[in-house]
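Report on the following structure.
These numbers were taken from a predicted model, which means no experiment stands behind them. Note that ligands are numbered from 1 as they come in the structure, with each ligand's atoms numbered from 1 the same way. FYI, side chains are in, hydrogens and waters are out, and symmetry mates aren't considered; it's all heavy atoms of this structure.
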Amino acid sequence: MSLFQQGQVEASATVLINSLAQEKIAAGFPIHNLSVGEPLLPMHPQLIQAATHAMQNGKIYYPPVAGVTQLRQLACEWMNRRYQCDYAIKNSLVVNGGKLGIYLTLQYLLKADDEVIIAAPYWVSYPALVKLFKGKPIILETDKQQQWKLSPQQLKSACTNKTRMLILNNAANPTGVIYSKAELEALLAIAKEQQLIVLSDEVYSELTYDHHTFVSCGAFSEYRDRVIVIQSCSKNFAMTGWRVGFVFADEVLIQALTALVGQSTSGVTTVSQHVGIAAFEMADELSAWVRQEMLQRRDAMLDSFKQHFNVQPSPPPSALYFFMAIRDLGVSELSSLAFCRSLIEHAGVACVPGLAFGCEEYVRMSFGLGVEEIRKAVKQLGKFLAG
Ligand code: PLP
């Protein structure tokens, strides 16, 4: 049966809410869009220059399928320097955003009924993609009391002889959770004992705040053969629209995924890859800029919550989101979807329902947009919910 006949591909709920917001905007309603999943910053002047230079210098033809060598080299050097990994070019693949990296990895590795462990709240696409490739998502609930972290005991007790993979999101969307070195080591030890592959989605690695530091699963040499790291320029360098992401893994897997790229996208747009090269050439400066901007926005949102609500949400240690209990906003409506619909309809504020992340009774609000917009949105929310 085709996917069309099965009606089986789930649209991402974040994309759905964003589209609803865009429709309202197009119809002339002012919408404050807290559903965005990206750091909305202007393109850095050096990246504009790199794009122009690439086009003027003939970087407009098909790219090498696995990616422009210089970009792969720079991305590996960055992983090795920033996160103490040990990747060589042959361990890297350039893909159209981290999302395609996850898609291709699951497409290649899963067979029917393979179980894939995912901690909830999860990024919306994980269960949908696992199901797309006939796998079975095994959702393990985490809660605020356990800091939204999957524990080694939880992982171990969920494993069966069908468990093939753990998808780990560190730093995480929507909770902002960051795992420590010891926590990762404990999870990886269980993964090894249970012979699991670990797909570590690390696309927010540079967006960590305060004293929090990021540790990559790629840094543990004894687990290297079972760890696949997904990276991206999207969030770390504010380059979402350029679609430059990476898979770092064992050479054999990279070759297999390269063949899939060769039969699908033929690689990432050549100009984008040259913008990616420029980004890695100034990686520390660029990510420090994005981090600083996002930190200011996070704190502006925190400040606005203090001003307009009687709550003080804990500041997320990473990523771009406040993940809040609807109850903490003084609301008794506990269906997150109904709550978010009514916010768009009546308050003109778009948020993402917790349901999309496998966590009802919560709502995700992004601080990826500008400070003024954030302040207006939270004020508007406060006005509506008070009224
Ligand atoms: N992983 C997580 C956790 C995300 O939140 C996103 C995007 O929102 C992605 C992966 C995909 O990012 P991209 O495909 O832009 O690299």
Phe323 vs Tyr362, test: ring pair (Phe, Tyr, Trp, His ring centres under 6.0 Å). Steps then yes/no. CA-CA 7 Å; Phe323 194 58; Tyr362 274 76; 5.0 Å; yes

Are Arg72 and Phe246 side-chain neighbours, meaning at least one heavy-atom pair lies under 4.5 Å? no

Look at the rings of Tyr87 and Phe248 and say which category their plane angle falls in: under 30° parallel, 30 to 60° tilted, over 60° perpendicular. parallel

Heavy-atom gap Thr240 to ligand 1 smaller than 4.0 Å: no

Run the contact test for Tyr126 against ligand 1 with a 4.0 Å cut-off on heavy atoms, strictly below, and give the result. yes

[X] heavy atoms, cut-off 4.0 Å: which ligand 1 atoms fall inside?
X      : result
Asn169 : 3 (C)
Gly98  : 13 (P), 14 (O), 16 (O)
Ser232 : 13 (P), 16 (O)
Ser234 : 13 (P), 15 (O), 16 (O)

Applying side-chain contact (heavy atoms from CB on, under 4.5 Å) to Val198 and Leu188, what does each step give before you reach the verdict? CA-CA 8 Å; Val198 178; Leu188 288 170; 3.9 Å; yes

Minimum distance, heavy atoms only, to atom 1 (N) of ligand 1: which one of Ile102, Asp201, Asn236 is it? Asp201

Could you pull out, from Met239, Lys235, Lys99, Arg243, the option with a heavy atom nearest to atom 7 (C) of ligand 1? Lys235

Please check if atom NE2 in His53 has more than 12 non-hydrogen atoms from other residues, nucleotides or ligands closer than 6.0 Å. no

Using the ring centroid of each side chain, check whether Trp78 and Tyr83 are separated by less than 6.0 Å. yes

Does the separation of the ring centres of Tyr122 and Tyr126 fall below 6.0 angstrom? no

Would you check whether Asn96 has a nitrogen or oxygen atom less than 3.5 angstrom from a nitrogen or oxygen atom of ligand 1? no

Heavy-atom distances under 4.0 Å decide this one: backbone, side chain, both or neither, for Leu100 against ligand 1? neither

To the nearest 0.1 Å, how far is atom 11 (C) of ligand 1 from its closest protein heavy atom, and which atom is that? Trp123 CH2, 3.6 Å

Hydrogens and angles aside, do Tyr321 and Tyr204 bring a side-chain donor and acceptor to less than 3.5 Å of each other? yes

